[in-house]
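Scroll down for the structure; my scribbles are underneath it.
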There are 2 protein chains.
Amino acid sequence: MITTNWIDRFEGLARLPAGIKDTLTRQSAVVSLPKGAEVFGPGAVPDNLLLLLDGTVRVSQTSQSGREIVLYRVEAGQSCVLTTACLLAHEAYAAEGRAETDIRAAAIPRATFDRLTAESTQFRDFVFAAYARRITDLFRVIDEVAFGKIDMRLAQRLLELAPSRGPLKITHQQLATELGTAREVVSRQLAEFARRDLLSVGRGSVEITDADTLRRIASA
Amino acid sequence: MITTNWIDRFEGLARLPAGIKDTLTRQSAVVSLPKGAEVFGPGAVPDNLLLLLDGTVRVSQTSQSGREIVLYRVEAGQSCVLTTACLLAHEAYAAEGRAETDIRAAAIPRATFDRLTAESTQFRDFVFAAYARRITDLFRVIDEVAFGKIDMRLAQRLLELAPSRGPLKITHQQLATELGTAREVVSRQLAEFARRDLLSVGRGSVEITDADTLRRIASA
DNA sequence: CAGCCGTCTGTGACCATATCACAAAGAGGG
DNA sequence: CCCTCTTTGTGATATGGTCACAGACGGCTG
């Protein structure tokens, strides 16, 4: 036990028996990818289960017509089960994962994954919990897209994405992709928010000035 | 080995070793529910994995505002993994499963499920494949809701739901729920289809008369 | 610095869908 | 046959998405 193991960063894994942790450590590799790299997708089918150590991965889907929507993000300390199982078991769907920052992840080969799910109840629980989380994420997306109002959704997303201080660096098009809507819709809604002094916009940046009101809109 | 076992109805399970099949048979119960019964949801959290032997279960989600959308159906020969994992692992989301016909299912208790995922690679694969299928279903729903045109979606759904001959018994409101849209939208679109002689409508029923054209619209 | 170019944003017109408020038309029970 | 409930039809209006551009900004290059 030399290193402060990365395993302990994962809530569901910290209490694994030492033997299992050992297997996990020895049979997995820590990989790095630069910001912007495709983690999985049409061009890169993963054959490892990825446990994200640092950074975030944005998972999105593109329609035939070329419009795109962000489905969810995988943050440090979470695993990328969905995508793995999904892409392994079925024909590749038009979902892709892209590194939103430089990332570091532990890659667990299929064989090891298999062995661990067989040997450890806790590892199994970890995996199933990860599935459950993603599935509820997808449920939420469906609810929002099908029934949510745009002003509410935009306000929500801005609050999520905004750094604790300073402006959020993002284009209207990128915000539109977040919500699966059109750029013009975002531009107009931002203009409306700006008119009400809830935020100020610049080229490629948005700065929230009245987070309270925005929060009220977001939860309406 | 007395009975022609229900296990063999499940593609992914037919080739399980005899011992595992045995466990599965002995430790599971075949349950029946009448048409319309709630299989899971706010009022009924399942603690079994259900393998559907006969009938279909419709899984839908209701928004705060009361609007509802059908997410997918579980058909005979499929399992209900999503819902189980989802509801066990997280706070109950507003998803519910309802028996669309009288149903019969094999109920596998959590403990048995756990033991089987530990002991059998094939059973694990079965479970993961079931997850993958549902997840791609959800991806599809998101794509359709976010980017699909209503005429296309309605045509698709009508073709899916229509019996091989005779009229489809369904109200406009039920069709609206299928698509997560409003009843008026369905009424108007059906009227338009009827005007083009693609189908004829009666109170509580729709009969397709030009499936070819409808198919063309559905895949546009 | 001027001019150029690619990206980003603004805008008006128009279409599709959702919402709201009712009216009217079956269907079934008393 | 009337009453009532469910289902369907319809017009007006609001919201969101599409299309076609125009203009504005930033960076680069001559």
Side-chain angles (χ1 to χ4, degrees), chain A residues 36 61-70 141-158 167-196 199-207 217-218 220, chain B residues 36 62-69 141-158 167-196 199-207 217-218 220:
Chain A
Q61 177 174 209
T62 304
S63 76
Q64 293 175 329
S65 61
R67 266 173 66 194
E68 192 179 355
I69 182 170
V70 173
V141 172
I142 291 173
D143 193 88
E144 285 173 4
V145 171
F147 308 124
K149 295 260 169 291
I150 260 312
D151 57 345
M152 184 186 91
R153 296 177 59 208
L154 180 57
Q156 269 180 295
R157 202 54 74 109
L158 286 171
L168 170 63
K169 291 296 175 192
I170 197 168
T171 67
H172 298 183
Q173 179 56 61
Q174 288 171 315
L175 279 169
T177 294
E178 292 285 333
L179 304 178
T181 184
R183 198 257 319 154
E184 296 91 320
V185 173
V186 170
S187 291
R188 284 192 260 256
Q189 192 62 58
L190 283 176
E192 170 63 17
F193 284 160
R195 197 190 56 74
R196 292 206 259 160
L199 47 75
S200 59
V201 296
R203 191 185 168 87
S205 87
V206 176
E207 180 152 24
I217 293 170
Chain B
T62 304
S63 76
Q64 293 175 330
S65 61
R67 267 173 67 194
E68 193 179 354
I69 182 170
V141 172
I142 290 173
D143 194 87
E144 286 174 4
V145 172
F147 308 125
K149 294 262 167 290
I150 267 298
D151 57 345
M152 185 185 91
R153 296 177 59 209
L154 180 57
Q156 267 180 293
R157 202 54 74 109
L158 286 170
L168 169 63
K169 292 295 176 192
I170 198 169
T171 67
H172 298 184
Q173 179 56 63
Q174 288 172 315
L175 280 168
T177 294
E178 291 285 334
L179 305 178
T181 184
R183 198 258 318 154
E184 298 91 317
V185 173
V186 169
S187 291
R188 283 192 257 256
Q189 192 62 59
L190 283 176
E192 169 64 16
F193 283 161
R195 199 190 56 74
R196 292 206 261 160
L199 47 75
S200 59
V201 296
R203 189 186 169 85
S205 87
V206 177
E207 181 152 23
I217 293 170

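Heavy atoms only: backbone and side chains are in, while hydrogens, waters and symmetry mates are out.
If you measure from atom CD of B/Gln189 to atom P of C/dC15, you get 16 Å, rounded to the nearest angstrom. Following rounding to the nearest Å, A/Lys169 (NZ) and D/dG26 (P) show an atom-to-atom distance of 10 Å. Distance CZ (A/Arg153) to P (C/dA18): 13 Å, rounded to an integer number of Å. The interatomic distance linking B/Glu144 (CD) with C/dA16 (P) rounds to 20 Å, in whole Å.
Interatomic distance, CG of A/Leu179 versus CD of A/Gln174, reported as 12.5 Å (0.5 Å rounding). Distance check, rounded to the nearest 0.5 Å: OG of A/Ser187 to CD of A/Gln189 gives 11.0 Å. To the nearest 0.5 Å, the span separating CG on B/Leu154 from OG1 on B/Thr181 amounts to 9.5 Å. Here the CG-CG distance, from A/Leu190 to A/Leu158, works out to 6.0 Å after rounding to the nearest 0.5 Å.
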Counting primed atoms, P, OP1 and OP2 as sugar-phosphate and everything else as base, the B/S/- map of nucleotides 5-12 of chain D against protein heavy atoms under 4.0 Å is -BBBBBBB
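Counting non-hydrogen atoms under 4.0 angstrom, B/Arg67 reaches the backbone sugars and phosphates but no base.
In this view, A/Arg157 and A/Glu178 satisfy the side-chain hydrogen bond (donor to acceptor under 3.5 Å, both in side chains) rule, not counting sequence neighbours.
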**Prompt:** Checking side chain to side chain contact (heavy atoms under 4.5 Å, CB included) for the pair B/Phe193/B/Val201: CA distance, chi angles, key distance, verdict?
**Reply:** CA-CA 10 Å; B/Phe193 283 161; B/Val201 296; over 6 Å; no
